[in-house]
Each structure stands twice: as C-alpha cells, then as structure tokens.
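Data block below; observations after.
Ligands are counted one by one from 1 in listed order, and the atoms in each one are counted from 1 as well.
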Amino acid sequence: MSVLIFADQFQGKIKKTAFEAVQYGARIAQQTGSSATALVLGEVAAEELAELGQYGAVKVLHAADARLNDPEAAVAAKVAAEAVAKENATVIVFAHNFTGKAVAPMLSARLKAGLVAGAVSLPDTANGFVVKKNVFSGKAFAHVNITSEKKIVSVLPNSFPLEAGSGTATVEAFSPALSDGDFRIRTLKVETVSGEVPLTEAEIIVSGGRGMKGPENWGILEDLAHALGAATAASRPVSDAGWRPHHEHVGQTGFTVRPNLYIAVGISGAIQHLAGVNGSKVIVVINKDPEAPFFKAADYGIVGDAFDVVPKLTEAVKKYKGN
Ligand code: FAD
C-alpha cells in the first residue's frame, strides 16, 4: 500500500492547501507503515518540489508538461489515475479546494474508489478506514467508513496546522500518456487579483456586512485588516450590491473559509452566512444590535457601532504590534 497526494500549484507555486494535504497523506503513510508520494502537475521549480519533503513526501512525481500548468479537471484525473497505477497507491489524498472538489470525484468514478470530501480528522484505521467530516453546514459530524480497495480523501483547508520538518523528497520525472485530444478546454485569459491574501488560505479575515452602510466606508475595515495582516471578506448582499468584489463573498453560496480568526462587522449572522464561516477557530462579532443572531455563534462579541469600535480596535492592534 502507498499513499499518493495530489499537490496542486498555481503559477508555479505549490499551494498552502497542497502542503496540508501532503502532511495529512504522510501521516496516513506513517500510521499504515507505507510511504507518501506527491504528484505535481505543470512547470514548478526544483526548490518548490523539494519543499514537499519537509511535509513528509518521500518522493515527488513531477509531470512537467506545460499543458498541465492549469489543467482541466478531466485531464488532471486521467494523470492522477496513471500515477495511482504506477505507484500502486491505495489511498489518494487531495486538498478540499477548487481543484480537489473537481478532480477527486472524477478520479473516484474512474477508480471506483470511495471518496470522503472535506475530512477533518486522520482516518481511524483500527477498524476499517473511518474518516470524520462536517455535515449540515458544520452543525454535525459524520464518520464515514471507506470500504473500497482504493480510498480517496480530500482534506478541509486549515484543519491541520502545518509543521515543517527536515525531510527531503526525491523528484522523479513523470510523463503520463496524453494526446492533444485530451485537452478539450483552452484557457484564453487569466485575470488574478494581486497583492491580497487569498481568502481560503487566510489565517485572519475581517468581514463586513450591510451594517457598513456603503462601499465608501470599507477603509476602516481595510485599515484593521492591514494592521492584522488579514484578508477582507463580505456578506452576500454586500457583493450583490457591488460594494465589494464577488471573490470576497463568503457563505453558503460564496467561499467557505476556516481562518484562525474571523471578525464579522455589521453582519447579522444569517444561517446562509454562518454556513461558510462557522468552521473558523475564533469568531469575533461587532454589531450594534445585542440581539443579532451572530452573537450566538461568536466566541467574543462587541455590542457597539462599527464606526466607533473598528478604528479603536485598529489603534489597539497597532499599539500592541508596536507600529
Ligand atoms: P443584514 O442582515 O442587513 O445585517 C446587517 C447587520 O448590521 C445587522 O445585524 C445590524 O444590526 C448591523 N448594523 C447596522 N448598522 C451597524 C453599525 N453602525 N455598527 C454595527 N452593526 C451595525 N448571505 C451571505 O452572507 N452569504 C451567502 O452565501 C448567502 N447565501 C444565501 C443563499 C440563499 C439561498 C439565500 C436565500 C440567502 C443567502 N444569503 C447569503 C443572504 C442571507 O440570508 C442574509 O440576507 C445576509 O447574510 C445578510 O447580510 P448582512 O448580515 O450583511 O445584512
């Protein structure tokens, strides 16, 4: 038995969620007395690949084909299936990010392998292969036993803190059998937001709702985010109204985030908002209405006017950090 981890990259950089998946896969390998191999698609520098060793990968299979820099899910699943066969892998691990959500189910169908999407614990291998995951928008847990011979798990981002070790990985070139006919989608243009912490990887998020009254007031949230090194997010009505870009929308129909700290300002705490943020480790709510439902989900709450509280909080953070 061996463990194969799909370690995805963006523009040549291995994603933080991929390192988390590698660490998770390496721990399963340790638990089951097997070895962990990471699979990387596309052009990635040798130093980046070597870093995977620090999180427990013993070997890295590198398919350096430029056509795999940003592959469509079906192609990535085909390559992963070939790597599974080559390594005789029985456990395959993904990050539960956009790539993992698209590729893992396709691989599952190809291999007829059971899949647990969004695992929050290491599998219990004492009695089968039982993996814990959130259900009902994080209101309950399910313990799922994967009984198929091949088992696929995707790991919920930010569920396991990264701990870099001193391990090293050998890198092996991997040339999957691909023809031009496999590539049915071509990316014509990529537009990226630069200079911001990606929401799904952020450790701290400052989020604003309709209580902020208008886009012109976001400066105080950005100042707080800047002081904390945080990303900014918003409730859905805020992004629907065009006050903030759609890539900041969190909740049931937006991004699911699990930062260490989520600060919600002027957000009521509707169930659809909570569905995307209630996995946060610590939630701080600032709202002028003491009856706002969000306070029930909060670890800390401040009843007060955002326009009064937020600047004071920013000053306090700056003072604490010595700025
Ligand atoms: P409001 O509910 O209007 O709350 C504003 C809050 O600001 C209030 O609690 C108020 O007390 C407070 N406030 C006002 N002034 C101040 C002040 N000066 N200082 C401090 N506090 C102040 N919503 C999402 O966010 N994400 C989703 O993904 C999502 N998906 C949805 C999917 C469906 C199918 C449906 C039906 C709804 C969805 N919604 C989603 C909408 C959701 O139901 C709520 O309407 C929305 O979350 C409310 O946004 P809000 O908290 O910003 O605004």
Side-chain angles (χ1 to χ4, degrees), residues 96-98 100-102 117-118 133-140 156-158 193 196-202 204-228 230-317:
H96 191 60
N97 54 17
F98 282 124
K101 284 178 193 172
K133 63 169 285 180
N134 291 334
V135 288
F136 302 123
S137 300
K139 287 204 169 352
L156 204 64
N158 235 351
V193 180
E196 289 179 20
V197 187
L199 258 193
T200 48
E201 300 198 355
I204 307 177
I205 294 176
V206 176
S207 189
R210 215 151 35 184
M212 292 306 296
K213 317 283 190 234
E216 67 282 3
N217 295 325
W218 240 260
I220 58 168
L221 297 188
E222 283 168 341
D223 287 348
L224 177 59
H226 194 246
L228 287 166
T232 48
S235 67
R236 176 170 155 173
V238 163
S239 66
D240 281 353
W243 294 2
R244 297 299 290 176
H246 281 293
H247 67 253
E248 291 196 357
H249 161 197
V250 291
Q252 185 185 310
T253 44
F255 282 108
T256 300
V257 293
R258 295 170 59 81
N260 293 334
L261 174 62
Y262 184 80
I263 304 179
V265 185
I267 303 176
S268 57
I271 184 102
Q272 296 89 353
H273 185 86
L274 291 177
V277 307
N278 61 6
S280 307
K281 308 242 168 28
V282 175
I283 296 178
V284 175
V285 169
I286 302 171
N287 197 304
K288 68 177 188 183
D289 174 9
E291 301 299 324
F294 220 147
F295 283 121
K296 291 203 179 78
D299 296 284
Y300 300 95
I302 302 174
V303 178
D305 190 315
F307 300 98
D308 179 33
V309 174
V310 173
K312 285 185 183 150
L313 196 55
T314 307
E315 277 317 304
V317 170

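Phe255 places none of its side-chain heavy atoms less than 4.5 Å from the side chain of Ile205. You'll find the side chain of Thr314 stays beyond 4.5 Å of the side chain of Ile220, heavy atoms only. With a 4.5 Å cut-off on side-chain heavy atoms, Ile271 and Lys139 count as touching. Two residues are said to be in side-chain contact when any heavy atoms from C-beta on lie closer than 4.5 Å; Glu248 and Val238 fail this criterion. Contact check for Leu199 versus His247: no side-chain heavy atoms found under the 4.5 Å cut-off.
Applying the side chain to side chain donor-acceptor pair (under 3.5 Å) criterion to Ser235, with sequence neighbours excluded, gives no partner residue.
Remark: the backbone N or O of Ile267 is paired with a side-chain donor or acceptor of Asn287 at under 3.5 angstrom. A distance-only check finds a donor-acceptor pair linking the side chain of Arg258 to the backbone of Pro157 [under 3.5 Å].
Within the structure, the closest approach of Val250 to ligand 1 falls below 4.0 Å when heavy atoms are considered. Look at Val238 and you'll find every heavy atom at least 4.0 Å from all atoms of ligand 1. Within the 4.0 Å heavy-atom shell around ligand 1 one finds Gly304. Using a non-hydrogen distance threshold of 4.0 Å, Pro237 registers as a contact of ligand 1.
Compare Met212, Glu291, Lys288 by their heavy atoms: the one nearest to atom 20 (C) of ligand 1 is in Lys288. Nearest-heavy-atom check against atom 47 (O) of ligand 1 across Ser207, Ala233, Ala264, Ala270 picks out Ala270. Evaluated by nearest non-hydrogen atom to atom 27 (C) of ligand 1, the leading choice among His249, Lys213, Arg210 is His249. Of the candidates Thr253, Asn287, Val265, it is Thr253 that places a heavy atom closest to atom 29 (C) of ligand 1.
Counting non-hydrogen atoms of neighbouring residues, nucleotides and ligands closer than 6.0 angstrom, the CD atom of Glu291 reaches no more than 12 such neighbours. Dense packing is recorded around NZ of Lys281, with more than 12 heavy atoms of other residues, nucleotides or ligands lying under 6.0 Å away.
Under 4.0 angstrom from ligand 1, the non-hydrogen atoms of Ala306 come from both its backbone and its side chain. Only the side chain of Phe307 comes within 4.0 Å of ligand 1, counting heavy atoms alone; its backbone N, CA, C and O stay farther away.
Here's the thing with Ala292: none of its N/O atoms is less than 3.5 angstrom from an N/O atom of ligand 1.
Near Gln252, with a cut-off below 4.0 Å to any heavy atom, the atoms of ligand 1 are 27 (C), 28 (O). Which parts of ligand 1 touch Asp289 is read off a 4.0 Å heavy-atom cut-off, strictly below it: atoms 11 (O). Taking every non-hydrogen atom of Ser235 and a distance limit under 4.0 Å, the qualifying atoms of ligand 1 come out as 25 (O), 49 (O), 50 (P), 52 (O). In summary, the atoms of ligand 1 found under 4.0 Å from a heavy atom of Gly209, numbered by their order in the structure, are 52 (O). Every atom of ligand 1 is numbered from 1 in the order shown, and the set under 4.0 Å from a heavy atom of Gly254 is 28 (O).
Scanning the protein for heavy atoms near atom 32 (C) of ligand 1, the closest one is Arg236 NH1, 3.3 Å. Protein heavy atom nearest atom 6 (C) of ligand 1, with residue, atom name and distance: Gly266 O, 3.3 Å. In terms of protein heavy-atom proximity, atom 25 (O) of ligand 1 is nearest to His273 ND1, 2.8 Å. Atom 13 (N) of ligand 1 has Gly211 CA, 3.6 Å as its closest protein atom, hydrogens excluded (heavy atom only). The protein heavy-atom contact nearest to atom 18 (N) of ligand 1 is Asp305 OD1, 3.2 Å. For atom 2 (O) of ligand 1, the nearest protein heavy atom (residue, atom name, distance) is Ser268 OG, 2.8 Å. Residue, atom and distance of the protein heavy atom nearest to atom 39 (N) of ligand 1 are Gln272 CB, 3.6 Å.
To the nearest 0.5 Å, atom OG1 of residue Thr232 and atom NE2 of residue His226 are 11.5 Å apart. In this structure, the separation between CD on Glu222 and CG on Asn217 is 11.0 Å, given to the nearest 0.5 Å.
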- Check step by step if side-chain contact (heavy atoms from CB on, under 4.5 Å) holds for Val250 and Tyr262. CA-CA 11 Å; Val250 291; Tyr262 184 80; 3.5 Å; yes
- Task: May I have the step-by-step check of side-chain contact (heavy atoms from CB on, under 4.5 Å) for Leu228 and Ile263, ending in yes or no?
- Result: CA-CA 11 Å; Leu228 287 166; Ile263 304 179; 3.7 Å; yes
